Amino acid sequence: MKSIIDIVYLVPLFPLIGFLINGLGRKSLSKSLSGIIGSGVILASFIVSLLIFNETRAEGFTAVTVDLFEFINVAGLNIPFAFQVDQLSVLFLLIITGVGFLIHVYSTSYMQQEEAHHYARYFSFLNLFIFSMLLLVLGANYLIMFIGWEGVGLCSYLLIGYWFKNTEYNNAARKAFVMNRIGDLGFLIGLFFIIQQFGTLTYTEVFSQASGASVGVLTVITLLLFVGATGKSAQIPLYTWLPDAMAGPTPVSALIHAATMVTAGIYMIARSNILYTLAPVSQTVVAVIGLATAILAATIAIKQNDIKKVLAYSTVSQLGYMFLGLGVGAYTGAVFHVMTHAFFKALLFLGAGSVIHAMHHEQDIRKMGGLVKKLPTTHWTFLVGCIAIAGIPPFSGFFSKDEILVNAYAHNPILYWIGLGGALMTAFYMFRLYAMTFRGSFRGTQEQEHHLQESPWQMTLPLIVLAVLAMIAGFIGMPEIFSADSHLLEHYLAPVFAESTKLSDTHLPDHSTEYLLLGVSIVLIAGSVFYAWNRFSKKPETEDAVGFGKVLANKWYVDELYDAIISKPLNGLGYVFNRYVEKSGIDGLVNGVGKSVQWGGRQLRLLQSGQVGSYILWMVLGILLFFVITITILT
Amino acid sequence: MPINYYIILAVALFSIGVAGVLTRRNAIIIFMCIELMLNAVNLLLVAFSKMHYENVAAYNPFSPVGTDAQLFVFFIMVVAAAEVSVGLAIIVMMYRNIHSVDVNFLNRLKH
Amino acid sequence: MNLILISALWGVVMMFSGLFIKNRSAAKTIAIVGALVLLVGNLFDLGGKMIISSNFNGMLLYDRFALLFLTVLVLALLIYFLLSGKDIAAVGNHPYEYFALIFFIMSGVGLVALFNNLLILFLGIEIISIPLYILTGADKRNLKSNEAALKYFLMGAFSTGIMLMGIAFLYGATGSFQVDRLNLLDGDNFRIFLIIGIVMIMIAMAFKVSAAPFHFWTPDVYDGAPTVFTSFMATIVKASVFIGFLNLFANGFGGMMDTWKPSIAIIVALTLFIGNVTAVYQQSVKRMLAYSSIAQAGFMLFAVFAINDMSKLGLLLYAAAYCLATIGIFAVLIKMKDYTIDGFNGLAKKEPLVALVLTICLFSLAGIPLTAGFFAKYFVLAAAVKTGTYLWLVIFAVLMAAVSVYYYFRVIQAMYFKEGNGQDIETTPVFKGLLVTVAALIILLGLFPSLLLNWLTLY
Amino acid sequence: MIALLLILIPLIGGVAAFFIKDEKRVKTWSFVVALAGLAIMSFGLLFAYNPDNKVFVAEWLPQLGSTFALLMDGASAILCLLTVFTYPIIFASTWKSKYASPHIFYGLMLLTQAGLLGVFLAADGLLFYFFWELALIPVYFLCSKWGGEKRIAVTIKFFIYTFIGSLLMLVGLLYLYYQTPDASFSMQSLYEVKLTVQQQAWLFWLFFIAFAIKMPVFPFHTWQPDTYEQAPTAVTMVLSALMVKMGLFAVVRWLIPLFPAGVLMFDNVVIGLSVIGMIYASILAMQQDDIKRLIAYSSIAHIGLMSAALFVNNESGLQGAMIQFFSHGVNVLGMWIVIELIERQFGTRKMSELGGLAQKAPALSILLVIVALANVALPLTNAFIGEFLMFNGLFKFNIWYAAVGGLSIILSAIYTLRMIQKVFYGNTNEVTANAVDISWFEKTSLAVIVVAIFVMGVYPKPVFGLVQETVTMILEIFK
Amino acid sequence: MSITEILFWFLSALALGGALMMVTSKNPVYSVLWLIVVFFAISGHYILLNAQFLAIVNIIVYAGAIMVLFLFVIMLMNLNANNEPQKNVWMKIAGAVAGGSLFLVFVAAIRQTEALKIQNVNTGGQTGLIHLLGKVLFTDYVLPFEIASILFLSAMVGAVVIGKKGD
């Protein structure tokens, strides 16, 4: 059938072209031009994605695979370079290109003060990232996904280290890449298991055979894949890179470290949902890890004072919720949350960016405050974001988070209560952040104060758009309780998760309980919002944290721990190898042979005493020797 | 007379010669010891020639068996004479230079 | 036979021309002519056309291999004369006599190559040794030369005694001096004589080819003797003794290898070890070459160790390669003042061509492919491997070959990579041309050893 | 015929180069010769890749049953291609480097190429040994004459070390030769020799040690970092891009077909050593300050993976290893070029003394980053294909080898990024303060490499096709 | 005990004793004289083994010519006094031990084979007579004979080269 879907390859192609143009033409392109190219290509692919989305909305639409060319075909393992278009991938296409486009536009002004060729470099990287991300979600098999998987890792490395003169930033970038690599190794080995088990990496074939495989194998596979997810989506134990990643330009944080890349893990698990559904153990692991991360990150976020750090930790914790959702089998919910989160977290980051921009790269919220009047647009958009993430109806965050929590409850109430606790903390620290930034009185320097002004339209426009989305996006996923099949997203995604839903026996609690839960959560959240708002707009905490707060402020000292148990031993080992094993040990042995030969030469030549007598004596001894030898041999 | 006696006699002389070569320092004496060794060989050869002759003499008393050994002895003597002429010449040359025939002084070349 | 006759006669010729011609430099020319005549005569030998074709009822054995071997040696002699003739004449006051002695030695070489009777072997070896004692001491004022001569003489005479004892016992066992009759015992009860005989002769030959532990004379004598004669001793003489060794053991004792193979194996191992390892530390190139010649002897002994068709090819090729390379190196060494390795520093800058030739020669000695030395080593090792036993010995040998690379390359490093302005060597274009020819021959044999080996099978 | 030409061109060209005293001219000449080789090879592959071009036989040493026989099958084709592809780039990228008596230098370089191609093509045991040594000797002179300050000692060590190995191989070869029914060195008759398991057991080691030293596999690797460090970079390129492949290739063409039983007996030992080597070398690479040493160790790690993959005895591993022959060659070549450029400009290779180049020399840094990423086997670069398949093969062989070896993926990321950061990022210092970017000449040569990296990374199909025949041949043996 | 046996034992004792004295005596001149005694004893043995010709030659060449030459040289260097400084005692012992053990090895080797004991060498026979030897020497052994001449020639040349004074 000839359809728009056949040209899906255009979607990643545009950003690639953009990357090439901006990358190769760094020197020649003017800022505005490269900005336009950079954002234009994304817009183009967004439009294409919309068209494709239109196709997929048709009832009874089934996944389409678009083969591009033969990539690897050896040893009975055929991995074509193919794209798979179905509801899930298309949804992500929209998120990536859509949010991506807004952020590109935002960047055009945010990065103004960069030199032209760095400016172009920035946009080329950004395009490259979009390209890899699209590969990740479009791939029709795990290898293509892996390509995108590592590609986005690379781009995040490049973009975190965008200001390469600063060693701090470079270290952060390296940390991000290495931690992702650790995850990737797990992912790769998972792939090998899949190959061994199913002899293919193509989704359709793998999933069709999945039910045939033993639970043990599936558990191993899914756990290994999940290791990859923890790396990419910043879950325990591999989450520490994400907060450091805030070194990058703020739009980057918005795009990569909030909206898109970090959700790759969720996408991957949602994509392989059937495997996870068949491996309950891994599901539990996912859920537990997710929840733990959500709580841990939330606690840390409470005591952070860097505006971006707070958002970073909130991202980690939100991702934790998504994994919780996946763990309890609420795949739709997780994806739903990915979407809403993309909106409001991008919004928040961009807002923060706008603040930072206005404050001349001041990020410490203790030096802010009272920006309401100065930055009106930024302020209310940011507020929308806060409300959304805090989960106050009818904003988007409420619906998605609520769906996850309800499913968690259905799975096991404890999960729900803990999750709710996390939600309360979220509300708390978000409004702490909001209050300390915008409320109260300005605490910055004089000249900061009178340079304060609202950002240009390129920056505010995306804020507004995202704010609107953050407000309304929730309605596509209204719980069934309000009205029958009000959950449009669920219907849309149903084919993707069909298998899993058939298998999973989770029956949602009856409506009364659900109402109750909703009520409880709304009340509590509102309460914590109110408390935080009051407290921090009245007397913002400007002094350093003490006691337990100090522990939180220092992120539970996890970085130090890792440093102590991994980095230091590794370096020590390397030192020992380099200094002793290599030089004295192996090479010493090799040289030792040579030395011993020389020594032997020095000693042997002493036999040559110069005395005829001794020479002849040696001869006679030789004669005796050979007599003895010969005669002993013969008798 | 069993051949053994001759062999042992010859070997004894030979060994004495060897021992002499090893124990003495005077080049000339060493050389003489070597001459002694050669003579031991000569004696042995003659004895062997006789022995082989005996083995055939029973049925052919006029066989030439054994002559070759005696001729060999003859040649050994010839060579010995030649060696002596050269050897003594070398020793004399040596003596001219260092006024000694002590082989222990021959230690410029070593290691 | 031609070779023996001609060389003897030419020796006499040299003597008398020494009486009548006062001009020293003429000696070289006459000698070269003599070498050429020798070559022609030898080629006639190869063709089977001899002045006296009798084998003196079995005292000589004209087998093609020996004759071809002699051809190689005569060629080596010719090259030797061409390269170093002037230096021979320059050693002392008796140029003609030196050449005469060398020619006498050549007749001895002929005997040792062709003998079929222990008496001939004995006489041949003596004819080789006695003039060598003289040549060693030829530099009469030089104490080192004297010392070398005396040492060589005493030990040589001693080894002669050993060898004669061996021959006597062999006679006792077999009642004959004919090599081809040594196998048939006159009654088995004499077996012990045979064994004693073999051992003692083996030791005597080992001494002559300077195999450990009977090698001690070699470094001192080679070091002390005038360098020209060292070159002669180390190449032609040594090779000739080897073919005597090989023939004796192949034709005489081939039947009872198990009695002597272990001993030879030990000798080979010791020789390789002592030769190579001791050479590593030497500072004087001349002395280093002396030790290296011991090491090379160790390899050639493989031919004797493994007596088969390969070993003959191997020895032939080895003799050619070894003689060419060593003569080439010595020819240059003679012209140098400073024999230490540092003396070679920066030679490549001063005399690139000479340095290149030296390098090729050293490569050949080290057995690097593309040079004759490689195939030489290849064949002798192949012979040993072919026997199927004693593989450890072969492996040990190649390890030692690797050691040898170290000390040969020290010279190359000195010439090419070390700082220094090389000492000046007076070289004529002719000399250089000859050196290049030597190098070319080495390379040629290294590519197509068949050029030489085919002669064995030719008509 | 193509096969013969491939060897003859650099041979004659090299000898000719000795007589071209003028620097410019000799550089041009050798560049042209190298290009000619490339042209011939690509022509052969594209239009004339047929049996009578892949095989060449001539009389050589009848007495020894050795003929001058060449055979270009999959594995050798890929390596010949690598060789002829590498040489022009080497000459181009070192165009600006100054060498004393250039005619000798370039002559020797070309002779080395001849030797290498000979090794990759020889289909006769003795001939193979011949070329094996011939490739080494010019390198000996190149390193000892134009190398760093410790060059003489280091080079002689390298030479003797490898020489020992090859001599052991020679003994093994001789032994095999006498086992052949028709007393011949030809590859076929050597393949057909019937050996007992015991014979295979020790013959395997005689050969393997030679190859292991050349590759080099842990623990025979210690010559390699010193040599790479001391050798002039142009030679280091040859050493690490091409010469190490000799060992790997020899395993494919000689070791495995000759001693399948031996391979099966010792595969765990070899793979174990290789995997240890991967981790060990990677950890060492993290410690290095000299970029050359860093790359040297990282290349040991990569070689370890390849040698492991060659012994896993499954198609995936073999295919991966063979495609990696090419990829590794290209990538490491790119690395050396960058190092050469850096050293030539700043006279130092110490990472601690460099930094901030990205501001001064963006083009260089970008190209390096790409090459470096290929070096850490990022997807869509050529190395990824190979490493993916090799790890897959290793996994098939034994999960744990793959798991442990996989750690090297992480470690490689660590040290490579560390290198990039220390050299190119951060602020400039007095050394790099007035750095200039690279010339178009060097830029193009690097660009060619980058293109190769991506083309192979995205569309490896042709290479798979090329090496398939060898892979099937080997798998047949184990059937 | 027949007369020959007595003679044998006497000559053997004489030879061995002479040899020992030759090796041990300090004064070179005495050594020479003792060596001559040994030669005489050996000649006696030759006669017993009826190699009369060799016996004569032995006396003439060795005892006559060679030893006299030795004597000349020794006199010429007037080494008559026992001026030879002693080798260090260990060397002496080592040498003696080596020589002795060589002897022992030989004896041990020979004693193994019983058969040898019965191989007798009696008196009588024609072998050693001069006409027989002469005939063989100039027919079968003509080649060695000629070679011997070359040997002498070279020895002569050598002696001249080495011995000639004034350079």
Side-chain angles (χ1 to χ4, degrees), chain B residues 1-9 11-13 15-20 22-26 28-29 32-33 35-36 39 42-43 46-47 49-51 53-54 57 61-62 64 66-68 70-71 73-75 77-82 84-86 88-93 95 101-102 104, chain E residues 5 8 12 15-16 19-20 22-23 28 31-32 35 38-39 42 45-46 49 51 54 57 61-62 65-66 69-70 73-74 77 79 84-85 87 92 95-96 98-100 102-103 106-107 110 116-117 119-122 125-128 132-133 136-137 141 144 148 151-152 155 158-159 162-163:
Chain B
M1 200 56 46
I3 186 73
N4 280 23
Y5 293 5
Y6 277 101
I7 298 173
I8 291 175
L9 172 60
V11 167
L13 287 172
S15 309
I16 294 173
V18 171
L22 291 174
T23 42
R24 300 305 295 265
R25 292 173 57 165
N26 183 327
I28 296 178
I29 308 254
M32 279 159 45
C33 294
E35 290 302 327
L36 177 60
N39 271 275
N42 292 351
L43 178 57
V46 174
S49 92
K50 185 68 181 168
M51 178 187 78
Y53 176 77
E54 294 287 325
F62 293 98
T67 10
D68 44 7
Q70 299 203 359
L71 284 174
V73 173
F74 173 73
F75 280 107
M77 290 179 180
V78 169
V79 170
V84 169
S85 61
V86 171
L88 287 178
I90 291 176
I91 293 178
V92 170
M93 175 182 70
Y95 185 81
V101 290
D102 183 350
N104 280 30
Chain E
E5 293 191 4
F8 171 82
S12 310
L16 289 170
L20 284 171
M22 185 274 274
V23 170
S31 304
V32 177
L35 190 55
V38 177
F39 289 156
I42 290 178
H45 275 296
Y46 289 164
L49 295 165
L54 285 180
V57 175
V61 175
Y62 263 114
I66 297 180
L69 195 54
F70 269 97
V73 172
I74 291 172
M77 304 178 176
L79 300 171
E84 176 186 5
K87 243 180 193 163
K92 271 189 151 51
L102 189 65
F103 177 67
F106 272 113
V107 174
I110 291 154
L116 297 179
K117 289 210 169 62
Q119 292 290 345
N120 286 336
V121 283
N122 302 333
Q126 315 299 320
T127 321
L132 188 56
L133 289 176
V136 179
L137 180 61
Y141 279 65
L151 184 64
F152 269 115
I162 291 288

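In this text the structure is predicted, and so the values were computed from the model without any measurement. Lettering follows sequence order; numbering is per chain, from 1.
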Can you confirm whether [X] sits close enough to [Y] that some side-chain heavy atom of one is under 4.5 Å from a side-chain heavy atom of the other?
X: B:Phe74; Y: E:Leu137; result: yes
X: B:Tyr6; Y: E:Leu49; result: yes
X: E:His45; Y: B:Val46; result: no
X: B:Val78; Y: E:Phe152; result: yes
X: B:Asn39; Y: E:Val38; result: no
X: E:Ile162; Y: B:Val86; result: no
X: E:Phe103; Y: B:Val18; result: no

Looking only at heavy atoms, what is the nearest atom pair of [X] and [Y], with distance?
X: B:Ser15; Y: E:Gly99; result: CB-O, 3.7 Å
X: E:Pro28; Y: B:Asn26; result: CG-ND2, 4.0 Å
X: E:Ser12; Y: B:Leu9; result: OG-CD2, 3.7 Å
X: B:Leu36; Y: E:Ala19; result: CD2-CB, 3.8 Å
X: E:Leu54; Y: B:Met77; result: O-CE, 4.2 Å
X: B:Ala12; Y: E:Leu16; result: CB-CD2, 3.6 Å

Open item on the list: When you compare the side chains of E:Tyr62 and B:Glu35, does any donor N or O come within less than 3.5 Å of an acceptor on the partner?
Closed with: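 There is such a pair (donor and acceptor under 3.5 Å, judged by atom type) between the side chains of E:Tyr62 and B:Glu35.
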Please look at [X] and chain E and tell me whether the side chain, the backbone, both or neither of the residue comes under 4.5 angstrom of a heavy atom of that chain.
X: B:Met32; value: both
X: B:Val101; value: side chain
X: B:Ile16; value: both

TODO: Step by step, work out the side chain to side chain contact (heavy atoms under 4.5 Å, CB included) result for B:Leu13 and E:Ile42.
DONE: CA-CA 10 Å; B:Leu13 287 172; E:Ile42 290 178; 4.2 Å; yes
Open item on the list: For the interface with chain B, which of E:Pro144, E:Ala98, E:Gly100 has the highest count of heavy-atom pairs at distances below 4.5 Å?
Closed with: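 Most heavy-atom pairs within the cutoff with chain B belong to E:Pro144.
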Task: Between E:Phe106, E:Tyr141, E:Phe8, the one whose heavy-atom pairs under 4.5 Å with chain B are most numerous - done: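 With the most close heavy-atom pairs to chain B, the winner is E:Phe8.
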Task: From B:Ile91 atom CD1 to E:Met77 atom CE, the distance as rounded to the nearest 0.5 Å - done: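 So the CD1 of B:Ile91 and the CE of E:Met77 are separated by 6.5 Å.
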Task: Test applied, side-chain contact (heavy atoms from CB on, under 4.5 Å); reference residue, B:Leu88; option that passes from E:Ile74, E:Ile66, E:Val73 - done: E:Val73
- [ ] Show the numbers, then the answer: is there a side chain to side chain contact (heavy atoms under 4.5 Å, CB included) between E:Tyr46 and B:Asn42?
- [x] CA-CA 9 Å; E:Tyr46 289 164; B:Asn42 292 351; 2.9 Å; yes
Task: Atom group of E:Val136 that falls short of 4.5 Å from chain B, counting heavy atoms - done: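 It is both, since atoms from each part get that close.
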